[in-house]
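Just so it is clear, the structure is predicted and the values come from calculations on it, not from any experiment.
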Amino acid sequence: MSWQASVLTLFPEMFPGPLGHSLAGRALREGRWGLDAIDIRGFATDRHRSVDDTPCGGGAGMVLRPDVVDAACEAALASGPGRPVVALTPRGVPLDQAMVRGFAEGPGVVLLCGRFEGIDQRVIEARGMLEVSIGDYVLSGGEPAALVLLDACVRLLPGVMGAAASGEEESFSSGLLEYPHYTRPTNWNGLSVPPVLLSGNHAEVARWRREQAEMLTRTRRPDLWARHGSDNPIALDGQASAA
């Protein structure tokens, strides 16, 4: 059975969107994963198809109703039980590569796209949802976040990427940002490819790439560098520093 994603949204027409192209689109057509966009509004019970109501305690905006969201979750899980239910919200835990890999290694995910002021907390707790954020900013809804999460997961599924090593050397896979890349022409606009990459010395190339990855992580993402805890820190110029 292929990896299955269900997206609970008020705008099912936004899917597959960009996921219908490139690696994800080809894998979708090949049946390596499946996508089901479920319209939350289809589970409304009144003649106005209401999915939201005013927040208890007052305040601006509207809140997604727990009964409607719960019914949509039930329908999604009926077609693919055992999948985690993820609520995409700015207050969630940050999405990272380790979490993505965990999702990709499972049977799939159910993604709830928030809208308005948020989702009634009771259904989040009752369903044991994992609240996830893709960054410290606010979107109009969870749909763009769902596209990001799914793209990150699908590319890790077996057979999706042409070279397995591509996923192993990327940014975050080893706790570091990825090293710089170069290709032909070796001289372009007076700029040359670093000589070590043309040397044919695989050990030196590996060393250079590691040093570049560490330097970039230390300068651009000190938070990642602190968590990485390298045993061989390097100076900012990319040269090995003294212990």
Side-chain angles (χ1 to χ4, degrees), residues 3-22 24-25 28 33-80 83-97 99-100 102-104 106 108-155:
W3 194 84
Q4 184 67 34
S6 295
V7 181
L8 310 180
T9 172
L10 293 176
F11 300 97
E13 62 274 13
M14 294 179 69
F15 298 87
L19 297 174
H21 303 276
S22 190
L28 186 61
W33 70 294
L35 175 62
D36 184 19
I38 298 174
D39 188 352
I40 296 173
R41 202 172 294 280
F43 298 88
T45 57
D46 65 344
R47 63 188 181 91
H48 299 294
R49 302 182 73 204
S50 302
V51 298
D52 58 347
D53 209 329
T54 55
C56 294
M62 303 291 278
V63 177
L64 283 173
R65 291 170 53 115
D67 53 342
V68 177
V69 170
D70 186 64
C73 287
E74 186 68 26
L77 291 171
S79 63
R83 294 175 295 164
V85 181
V86 176
L88 295 157
T89 166
R91 73 178 190 187
V93 296
L95 180 69
D96 60 19
Q97 193 66 14
M99 188 187 301
V100 167
F103 288 144
V109 290
V110 176
L111 303 179
L112 172 59
C113 299
R115 279 276 162 178
F116 314 121
E117 286 302 305
I119 304 160
D120 190 296
Q121 184 65 26
R122 291 170 294 178
V123 70
I124 292 175
E125 295 176 359
R127 285 286 176 182
M129 296 183 192
L130 173 63
E131 296 184 73
V132 173
S133 168
I134 65 165
D136 294 338
Y137 43 84
V138 179
L139 301 170
S140 298
E143 288 79 11
L147 292 169
V148 167
L149 188 151
L150 289 177
D151 183 83
C153 290
V154 168
R155 60 195 305 279

Give the minimum heavy-atom separation between [X] and [Y], together with the two atoms involved.
{"X": "Met129", "Y": "Cys73", "value": "CE-SG, 3.8 Å"}
{"X": "Pro90", "Y": "Val138", "value": "CG-CG2, 4.4 Å"}
{"X": "Ser133", "Y": "Gly92", "value": "CB-O, 3.6 Å"}
{"X": "Ala146", "Y": "Val7", "value": "CB-CG1, 4.5 Å"}
{"X": "Ile134", "Y": "Ala145", "value": "CD1-CA, 3.7 Å"}

_Steps toward side-chain contact (heavy atoms from CB on, under 4.5 Å) verdict (Val51, Leu10)_ = CA-CA 9 Å; Val51 298; Leu10 293 176; 3.9 Å; yes

task: Tell me, with the steps shown, if Met14 and Cys113 meet side-chain contact (heavy atoms from CB on, under 4.5 Å).
output: CA-CA 12 Å; Met14 294 179 69; Cys113 299; over 6 Å; no

4.5 Å side-chain heavy-atom contact, [X] and [Y]:
{"X": "Leu88", "Y": "Leu111", "result": "yes"}
{"X": "Pro84", "Y": "Leu130", "result": "no"}
{"X": "Arg115", "Y": "Phe11", "result": "yes"}
{"X": "Leu149", "Y": "Val100", "result": "no"}
{"X": "Leu147", "Y": "Pro18", "result": "yes"}
{"X": "Trp3", "Y": "Leu150", "result": "yes"}
{"X": "Gln4", "Y": "Ser79", "result": "no"}
{"X": "Val93", "Y": "Val132", "result": "yes"}

Residue from Arg127, Gln121, Arg122 passing side-chain hydrogen bond (donor to acceptor under 3.5 Å, both in side chains) with Glu125:
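That would be Gln121.
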
Candidate list Ile124, Val86, Ile119, test side-chain contact (heavy atoms from CB on, under 4.5 Å), partner Leu112, passing option
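For Leu112, the side-chain contact (heavy atoms from CB on, under 4.5 Å) check succeeds only for Ile119.
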
| said: Which residue in the set Leu77, Asp36, Val85, Val109 passes side-chain contact (heavy atoms from CB on, under 4.5 Å) when paired with Ser6? | reply: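 Answer after filtering Leu77, Asp36, Val85, Val109: Asp36.
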
**Prompt:** Crowded around Asp46 CG? As in, over 12 foreign heavy atoms under 6.0 Å?
**Reply:**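 Yes, the 6.0 Å shell around CG holds more than 12 heavy atoms from other groups.
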
Report the distance from atom [atom1] of [X] to atom [atom2] of [Y], rounding to the nearest 0.5 Å.
{"X": "Glu131", "Y": "Thr89", "atom1": "CD", "atom2": "OG1", "result": "5.5 Å"}
{"X": "Leu95", "Y": "Cys153", "atom1": "CG", "atom2": "SG", "result": "7.5 Å"}
{"X": "Cys56", "Y": "Asp120", "atom1": "SG", "atom2": "CG", "result": "7.5 Å"}

- Query: Going through the distances and angles, do Arg41 and Asp39 end up as a salt bridge (charged side-chain N to carboxylate O under 4.0 Å, His left out)?
  - Reply: CA-CA 5 Å; Arg41 202 172 294 280; Asp39 188 352; 5.2 Å; no

Output a table of donor-acceptor pairs, distance under 3.5 Å, between side-chain atoms of residues 57-66 and any protein atom two or more places apart or on a different chain; print 'none' if there are none.
residue : atom : partner : partner atom : Å
Arg65   : NE   : Asp67   : OD1          : 3.1
Arg65   : NH2  : Asp67   : OD2          : 2.6

* Asked: Does the pair Ile38 and Phe15 meet the rule for a side-chain contact (heavy atoms from CB on, under 4.5 Å), with working shown?
  -> CA-CA 10 Å; Ile38 298 174; Phe15 298 87; over 6 Å; no

Note to self: Using modelled atom types and a 3.5 Å cut-off, is there a donor and acceptor pairing between side-chain atoms of Ser50 and backbone atoms of Asp52?
What the structure shows: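 No.
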
Under 3.5 Å donor-acceptor, Trp33 side chain and Gly108 backbone: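 Looks like no, no N/O pair under 3.5 Å.
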
